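Comments concern the structure below.
It should be emphasised that the depicted structure is a prediction, and the values quoted were computed from it without experimental measurement. Excluded from the calculations below are hydrogen atoms, water molecules and symmetry mates; all remaining heavy atoms, backbone and side chain alike, are included.
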Amino acid sequence: MFQRAAEAMVSDTFSGPAYVSEILSGENVAGAPGLHYVVFDPGVINNWHTHEGGQILIATDGIGYHQIEGQPVEVLYPGDVALCPPGEKHWHGGSANTSFAHIAINTNPELTGLEWFDRISEEEYDQLADLITE
């Protein structure tokens with residue numbers, strides 16, 4: 001499959017370390033959008049955020065969560081696809097018991113703006129385990 005980055009990225013916008021690898025840079029012959037492979041350790045999620053051009057997530061490994069503001073939390077399993085429309089506030093990350101990996105695709109290479117907000121509370125996160133079906 002895809003290679004997890006050797007070094008973890010540590011940021012205030014994530015609840016713990018995440019591994020971000022570049023699969024395809026935004027500057028390529030086809031003009032395709034940039035692709036990244038993101039791996040979250042168990043229990044690691046990111047803050048609410050928006051992508052100016054939107055984003056598509058394709059789950060590849062583990063079990064994770066995705067939520068668009070005002071909508072229910074989605075549980076993502078390998079093969080699932082989540083759309084983050086341009087400018088829509090959302091968050092995503094791993095479940096408490098498994099690592100979670102996805103391919104992240106910027107849906108509009110001309111619009112690369114990213115804005116970060118607060119994270120869901122630990123209490124909200126702890127309640128999500130009930131959503132997982134094995």
Side-chain angles (χ1 to χ4, degrees):
M1 189 56 85
F2 300 101
Q3 196 68 24
R4 183 181 96 163
E7 297 284 325
M9 175 193 76
V10 178
S11 169
D12 290 342
T13 57
F14 287 75
S15 65
Y19 301 83
V20 181
S21 306
E22 188 170 66
I23 299 171
L24 181 64
S25 74
E27 296 182 19
N28 56 75
V29 175
L35 304 175
H36 294 89
Y37 184 58
V38 183
V39 179
F40 296 87
D41 282 342
V44 175
I45 62 172
N46 56 29
N47 291 12
W48 288 100
H49 59 285
T50 61
H51 296 270
E52 180 183 22
Q55 184 181 52
I56 295 171
L57 307 175
I58 303 171
T60 61
D61 298 286
I63 300 172
Y65 303 115
H66 171 256
Q67 183 180 23
I68 293 174
E69 187 175 44
Q71 297 184 21
V73 174
E74 297 176 86
V75 179
L76 300 178
Y77 299 92
D80 288 345
V81 177
L83 173 64
C84 312
E88 292 283 333
K89 199 171 176 182
H90 67 280
W91 69 270
H92 41 94
S95 68
N97 297 319
T98 69
S99 294
F100 174 63
H102 64 70
I103 298 168
I105 306 163
N106 177 1
T107 58
N108 187 336
E110 303 298 317
L111 301 173
T112 59
L114 177 64
E115 186 173 359
W116 291 98
F117 304 94
D118 291 335
R119 187 175 312 128
I120 66 169
S121 70
E122 288 184 33
E123 293 78 22
E124 290 172 296
Y125 180 81
D126 290 343
Q127 294 175 8
L128 300 177
D130 295 339
L131 299 175
I132 296 175
T133 59
E134 296 292 329

Is there a path of hydrophobic side-chain contacts, each under 4.5 Å between heavy atoms, that joins [X] and [Y]?
X	Y	value
Leu83	Ile105	yes
Val38	Leu114	yes
Ile45	Ile132	yes
Ile56	Leu35	yes
Tyr125	Val73	yes

Where do His49 and His90 land on the side chain to side chain contact (heavy atoms under 4.5 Å, CB included) test, with the steps shown first? CA-CA 6 Å; His49 59 285; His90 67 280; 3.1 Å; yes
What is the minimum heavy-atom distance between [X] and [Y], and which atoms define it?
X	Y	value
Ala8	Pro17	CB-CB, 3.6 Å
Leu76	Ala59	CB-CB, 4.2 Å
Tyr19	Arg4	CB-CG, 3.5 Å
Gly43	Ser15	O-OG, 3.5 Å

[atom1] of [X] to [atom2] of [Y]: how many Å apart, nearest 0.5 Å?
X	Y	atom1	atom2	value
Thr112	His51	OG1	NE2	11.0 Å
Cys84	Leu57	SG	CG	4.5 Å
Asn106	His36	CG	NE2	9.0 Å
Thr98	Ile63	OG1	CD1	5.0 Å
Lys89	Gln67	NZ	CD	11.0 Å
Glu123	Leu128	CD	CG	12.0 Å

Between Gln55 and Glu88, does a side chain to side chain contact (heavy atoms under 4.5 Å, CB included) hold up when you go through it step by step? CA-CA 10 Å; Gln55 184 181 52; Glu88 292 283 333; over 6 Å; no
Verdict with supporting geometry, Trp91 and Asn46, side chain to side chain contact (heavy atoms under 4.5 Å, CB included): CA-CA 6 Å; Trp91 69 270; Asn46 56 29; 3.7 Å; yes
If we only count heavy atoms from C-beta on, is the Tyr37 to Asp61 side-chain gap below 4.5 Å? yes
**Item:** Sub-4.5 Å side-chain heavy-atom contact between Phe100 and Tyr65
**Value:** no
Only one of Ile68, Thr13, Ile120 passes side-chain contact (heavy atoms from CB on, under 4.5 Å) with Trp48, and that residue is Ile120
| field | Greater than 12 external heavy atoms within 6.0 Å of Asn97's CG | value | no
field: Verdict with reasoning, Thr133 to Tyr77, per side chain to side chain contact (heavy atoms under 4.5 Å, CB included)
entry: CA-CA 10 Å; Thr133 59; Tyr77 299 92; 3.3 Å; yes
With under 30° as parallel and over 60° as perpendicular, where do the rings of Phe14 and Trp116 fit, or are they tilted in between? tilted
- [ ] Measure up the Phe40 and His102 rings against each other and bin them: parallel (under 30°), tilted (30 to 60°), perpendicular (over 60°).
- [x] tilted
Just by modelled atom types, is the Gln3 backbone N or O under 3.5 Å from a matching donor or acceptor in the Ser21 side chain?
yes
